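None of the values given here were measured: they were computed from a predicted structure. Here is how names work: the chains are called A, B, and so on, in the same order as the sequence lines, proteins then strands, and each is numbered from 1.
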Amino acid sequence: MLKAPRGTQDILPPESSQWVYLESVLRDVCRRYNYHEIRTPTFEQSELFSRTVGEATDIVEKEMYTFKDKTGRDMALRPEMTASVARAFVEHGMASGPLPRKFFYMGSMYRYERPQAGRYREHRQFGVEVLGSDSPYSDVEVIVLAMDAAGALGLTGTQLVLNSIGCPTCRAAYRSRLIDHLKVRVNELCPDCQSRLERNPLRVLDCKKDACKAVTSGAPGMLDHLCPECRLHWGEMTRLLAAQGIDFTVDSSLVRGLDYYTRTVFELKWPPLGAQNAILGGGRYDGLVEEIGGPRVPGVGFAMGMERMLMALAKGSRPIGADAGIDVFVIGMKGADSLASEKAFALVRSLRQSGLSCEFDPLQRSMKAQMKQADRANAKFVAIIGDEEAKNGIVTVRCMGEGWQKTVGLDHVVSFVCEEVARLGK
RNA sequence: GUGGAUGUAGCUCAGACGGCUAGAGCACCAGGUUGUGGCCCUGGGGGUCGCGGGUUCAAGUCCCGUCAUUCACCCCA
């Protein structure tokens with residue numbers, strides 16, 4: 001049997017309505033923050049990601065879905081969105097327009113990983129990007145946007161974790177200092193960390209192995225080695241966050257897995273989710289636009305794992321997205337001729353054109369069977385047209401909730417039902 | 001990529017030591033009411049027991065492989 005590829009999933013009704021709900025809440029938050037939607041291609045030249053995300057990162061090294069197109073160009077399904085947004089920003093000369101530009105996006109990302117709960121090969125992200133502002137206010141704006149989005153969705157119990165990884169200059173200095181410190185006891189580190197030592201020493205800091213923790217416990221912290229500019233930015237940003245009443249914890253071991261980050265990095269965690277408990281993550285990327293050949297334009301943003309958010313909402317606070325029922329179910333009884341059925345079908349269309357949600361049974365089953373469907377569809381009203389009604393130009397209207405029914409002339413049944421639906425709605 | 005657990009109907013699950021036509025609840029369809037839902041009763045449809053090998057007179061049950069899901073590592077959203 002044919003199955004959906006590993007790590008992918010079908011989103012079926014009624015769960016799909018939860019996605020619609022999630023998307024609508026996020027869009028409304030973005031409207032209030034004046035962020036505008038950007039849509040970019042699902043695949044890009046592979047080079048875009050190897051240059052920005054980083055040649056030596058797991059994402060580029062072993063998780064990208066790459067392929068050659070018919071002319072032999074190296075392409076990749078996008079593993080993340082920030083590089084694409086930056087590319088579009090440069091390609092369309094937005095740097096010479098008003099700055100900053102503020103974008104949001106929603107879409108599928110692709111990474112060849114071992115699937116587990118909260119981690120998929122195709123997953124959907126919502127995210128925002130601000131390009132053209134190096135102000136700590138922008139860092140704080142995207143963070144409070146994230147917090148407000150979580151709040152608007154009713155998610156409680158999240159933890160905001162922050163760190164600064166400095167700029168290329170102070171990070172390089174810190175890096176060699178850290179390597180020097182770790183080298184002294186290199187043989188006490190786990191094999192993973194030994195190989196990480198030269199490639200990505202910051203990662204050694206958040207290794208969970210006790211042996212490594214012992215070695216790193218006295219290690220210097222990045223925050224103590226920021227250059228004056230980075231230290232100022234960090235200080236301002238944390239001060240502004242605190243002034244907004246945002247609780248956060250500083251975690252000097254927080255390192256993001258993409259090379260383009262500078263200064264601020266953060267994650268919003270929701271512990272009950274288990275191993276994959278970061279609902280969203282992001283940070284500042286002041287060198288990214290330049291890296292892809294654009295001007296010096298700073299940026300900051302985050303990405304939210306939408307599946308993870310839905311998992312958290314389902315597991316936590318309150319259920320969402322219950323589908324409301326339909327307004328009217330029209331029953332057309334199959335009689336000696338098809339007159340009643342056809343009149344019923346015409347009525348369905350009129351009701352729909354008038355703005356009501358309406359359903360009928362194309363299989364023209366028995367009255368009982370159709371009543372059952374109406375009940376299952378959670379219909380407020382049932383309109384019945386059988387031989388008698390068709391002949392006399394009338395319709396029997398039944399209110400499912402209140403139990404009554406009456407006959408109404410076919411020519412004013414639409415307005416009658418509209419009024420009744422409005423009455424129930426109050 | 002590494003390790004553990006799991007895989008029987010659309011869904012949730014039963015199927016002691018291998019042994020007749022593989023079951024239940026829910027869902028679905030029909031009938032009980034010749035034109036009236038929710039409750040109830042009766043009946044019905046639906047399963048290559050994830051897939052492929054092997055052991056055996058006999059495999060849903062045991063063995064191997066494989067695919068998928070899941071938990072953790074890793075990584076990240």
Side-chain angles (χ1 to χ4, degrees), chain A residues 1-9 12 53 57-63 78-82 105-127 146 190-193 195-196 200 203 206-209 254-258 261 265-270 273-283 301-312 325 329 331-335 340 344 363-390 396-401 403-405:
Chain A
M1 190 171 53
L2 256 32
K3 292 196 261 190
R6 182 167 202 200
T8 68
Q9 56 194 323
L12 310 173
V53 173
T57 58
D58 281 5
I59 291 178
V60 168
E61 213 167 53
K62 44 194 189 194
E63 295 176 359
R78 62 184 182 204
E80 66 108 36
M81 191 73 179
T82 305
Y105 60 82
M106 300 196 229
S108 289
M109 307 301 152
Y110 302 87
R111 293 180 201 171
Y112 191 85
E113 297 187 89
R114 179 101 176 242
Q116 81 185 63
R119 191 171 75 184
Y120 309 97
R121 292 186 171 178
E122 178 187 37
H123 78 284
R124 291 148 191 87
Q125 289 186 352
F126 157 78
C190 69
D192 276 348
C193 285
S195 71
R196 278 198 275 246
N200 197 349
R203 281 239 168 269
D206 73 338
C207 183
K208 280 136 199 128
K209 306 242 167 45
L254 178 63
V255 181
R256 314 244 70 230
L258 295 81
Y261 283 113
V265 292
F266 64 93
E267 279 182 5
L268 190 66
K269 295 185 178 183
W270 200 68
L273 238 32
Q276 313 300 328
N277 65 4
I279 287 183
L280 60 88
F302 71 79
M304 167 193 292
M306 297 177 78
E307 288 85 357
R308 289 185 189 176
M309 177 56 90
L310 286 175
M311 286 170 81
F329 191 100
I331 296 179
M333 293 305 295
K334 190 165 59 184
L363 301 181
Q364 297 287 287
R365 276 169 286 200
S366 69
M367 167 73 80
K368 180 185 173 120
Q370 293 199 49
M371 283 298 291
K372 207 169 174 180
Q373 291 177 67
D375 187 54
R376 188 161 43 203
N378 215 343
K380 296 186 185 77
F381 294 93
V382 165
I384 303 165
I385 300 183
D387 282 342
E388 280 305 302
E389 289 88 347
T396 299
V397 176
R398 176 179 178 79
C399 177
M400 296 294 272
W404 53 262
Q405 66 183 47

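- Between A:F302 and A:Y105, the shortest heavy-atom contact is O-OH, 3.9 Å.
- Contact annotation for A:E389: base contact, defined as any heavy-atom pair under 4.0 Å involving a base atom.
- Residue-level contact check: A:Q373 touches neither bases nor backbone, having no heavy atom under 4.0 Å from any strand.
- Closest approach of A:F266 to A:L254, counting heavy atoms only: CA-CD2, 3.8 Å.
- The side chain of A:P115 approaches B:U69 more closely than any other nucleotide in the set B:U69, B:U36, B:C73.
- Put simply, the side chain of A:M371 reaches to within 4.5 Å of the side chain of A:M367, judged on heavy atoms.
- Look at A:R256 and you won't find any side-chain N or O under 4.0 angstrom from OP1 or OP2 of B:C75.
- A straight line from CH2 of A:W270 to C1' of B:C76 spans 19 Å, rounded to a whole angstrom.
- Within the nucleic acid shown, A:M400 comes within 4.0 Å of at least one base atom, counting heavy atoms only.
- Scanning atom types as modelled, no donor and acceptor separated by under 3.5 angstrom connect the side chain of A:R111 and the base of B:C75.
- With a cut-off of 3.5 Å on both pairing distances, the Watson-Crick or G-U wobble partner of B:G7 is B:C67.
- For the P atom pair drawn from B:A22 and B:A59, the interatomic distance equals 13 Å after rounding to whole Å.
- Across all strands shown, B:U36 forms no Watson-Crick or G-U wobble pair with both key distances under 3.5 Å.
- Base-pair partner of B:C76: not found among the strands shown (Watson-Crick or G-U wobble, both distances under 3.5 Å).
- The separation of B:G43 from B:C26, taken at their P atoms, amounts to 14 Å, rounded to a whole angstrom.
- Following rounding to the nearest Å, A:H123 (NE2) and B:A77 (P) show an atom-to-atom distance of 7 Å.
- Nucleotides B:C17 and B:G54 are separated by 25 Å at their P atoms, to the nearest Å.
- Between A:D375 atom CG and B:C39 atom P there is a gap of 8 Å when expressed in whole angstrom units.
- If A:Y261 and A:G386 are placed on RNA chain B by their nearest nucleotide, the residue sitting closer to the 5' end is A:G386.
- In this model, no side-chain donor or acceptor of A:R376 finds a partner on the base of B:G37 within 3.5 Å.
- Between B:U21 and B:U55, the two C1' atoms lie 26 Å apart (nearest whole Å).
- Pairing partner, B:A24: B:U12, with both Watson-Crick or wobble hydrogen-bond distances short of 3.5 Å.
- Contact between A:T57 and A:V53 at its shortest, heavy atoms only, is CG2-O, 3.1 Å.
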> Do A:Q125 and A:M309 pass the side-chain contact (heavy atoms from CB on, under 4.5 Å) test, and can you show the C-alpha distance, the side-chain angles, and the key distance before you say yes or no?
Replying inline: CA-CA 10 Å; A:Q125 289 186 352; A:M309 177 56 90; over 6 Å; no
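- The two residues A:R121 and A:E113 come nearest to each other via the heavy atoms NE-O, 2.7 Å.
- B:C28 and B:G47 have their C1' atoms separated by 15 Å, given to the nearest Å.
- Under the 3.5 Å distance criterion, the side-chain polar atoms of A:R111 are matched with a main-chain donor or acceptor of A:P79.
- Backbone-only contact: A:E63 has heavy atoms under 4.0 Å from sugar-phosphate atoms and none from a base.
- Here B:A77 presents its C1' atom at 15 Å from CE of A:M106, a figure rounded to the nearest Å.
- For the C1' atoms, the distance from B:G4 to B:U12 is 24 Å, rounded to whole Å.
- Listed by chain and residue number, A:R124 satisfy the salt bridge (Lys or Arg N to Asp or Glu O under 4.0 Å) test with A:E122 (two or more places apart in sequence, or in another chain).
- Between A:G283 and A:Y261, the shortest heavy-atom distance links the atoms N-CE2, 3.3 Å.
- The distance between atom CD of A:Q364 and atom P of B:G35, rounded to the nearest whole Å, is 14 Å.
- As a whole-Å value, the separation of A:E61 CD from B:C76 P is 12 Å.
- Glycosidic conformation, B:A16: syn, with the torsion inside 90° of 0.
- The partner of B:C62 is B:G54, by the rule that a Watson-Crick or G-U pair needs both atom distances under 3.5 Å.
- When all heavy atoms are compared, the tightest approach of A:P115 to A:G7 is CG-CA, 3.8 Å.
- Judged by distance alone, the side chain of A:R308 and the main-chain N or O of A:A117 form no donor-acceptor pair under 3.5 Å.
- Minimum atom distance to the side chain of A:Q116 is reached by B:C73, of the listed B:C28, B:C76, B:C73.
- Pairing for B:G18 is absent, judged as Watson-Crick or G-U wobble with the two contacts each under 3.5 Å.
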Listed pairs, N/O of protein and of nucleotides 42-47 of chain B, under 3.5 Å:
none

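- Counting any heavy atom pair closer than 4.0 Å across all strands shown, A:A303 reaches sugar-phosphate atoms only and no base atom.
- Side-chain proximity of A:R365 to the nucleotides B:G37, B:A30, B:C75 is greatest for B:A30.
- Contact annotation: the side chain of A:E307 approaches that of A:Q9 to within less than 4.5 Å [non-hydrogen atoms, C-beta and beyond].
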Atom pairs, protein N/O to nucleotides 4-11 of chain B N/O, distance under 3.5 Å:
none

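- Residue A:M367 places its side chain closer to B:U36 than to any other of B:U36, B:C75, B:C71.
- Across the strands present, B:G43 finds its partner in B:C29; the criterion is a Watson-Crick or G-U wobble pair with both atom distances under 3.5 angstrom.
- The gap from the C1' atom of B:C11 to that of B:G46 amounts to 13 Å, rounded to the nearest Å.
- Here A:R365 pairs with A:D361 under the salt bridge (Lys or Arg N to Asp or Glu O under 4.0 Å) rule; sequence neighbours left out.
- Residue order along RNA chain B, read from the 5' end via each residue's closest nucleotide, puts A:T8 first among A:E307 and A:T8.
- The CD1-P distance, from A:I331 to B:G37, rounds to 10 Å in whole Å.
- Counting non-hydrogen atoms under 4.0 angstrom, A:G118 reaches a base of the nucleic acid.
- Across all strands shown, A:F302 has no heavy atoms under 4.0 Å from either base or sugar-phosphate atoms.
- Neither OP1 nor OP2 of B:U70 sits under 4.0 Å from any side-chain N or O of A:R119.
- Partners of A:E267 according to the salt bridge (Lys or Arg N to Asp or Glu O under 4.0 Å) rule, which considers only residues two or more places apart in sequence or in another chain, are A:R256, A:K269.
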Show me the protein contacts with nucleotides 31-33 of chain B, counting only N or O atoms at under 3.5 Å.
residue : atom : partner : partner atom : Å
B:G32   : O6   : A:K368  : NZ           : 3.0

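- Taking atom P on both B:G60 and B:G53, the two are 14 Å apart, rounded to the nearest angstrom.
- Within the nucleic acid shown, A:G7 comes within 4.0 Å of sugar-phosphate atoms alone, with no base atom in reach, counting heavy atoms only.
- Remark: C1' of B:C76 and CE of A:M304 are 15 Å apart, rounded to the nearest angstrom.
- Judged by distance alone with a 3.5 Å cut-off, no donor-acceptor contact links the side chain of A:Q276 to the base of B:A72.
- Close to B:U69, at under 4.0 Å from its OP1 or OP2, lies a side-chain N or O of A:R6.
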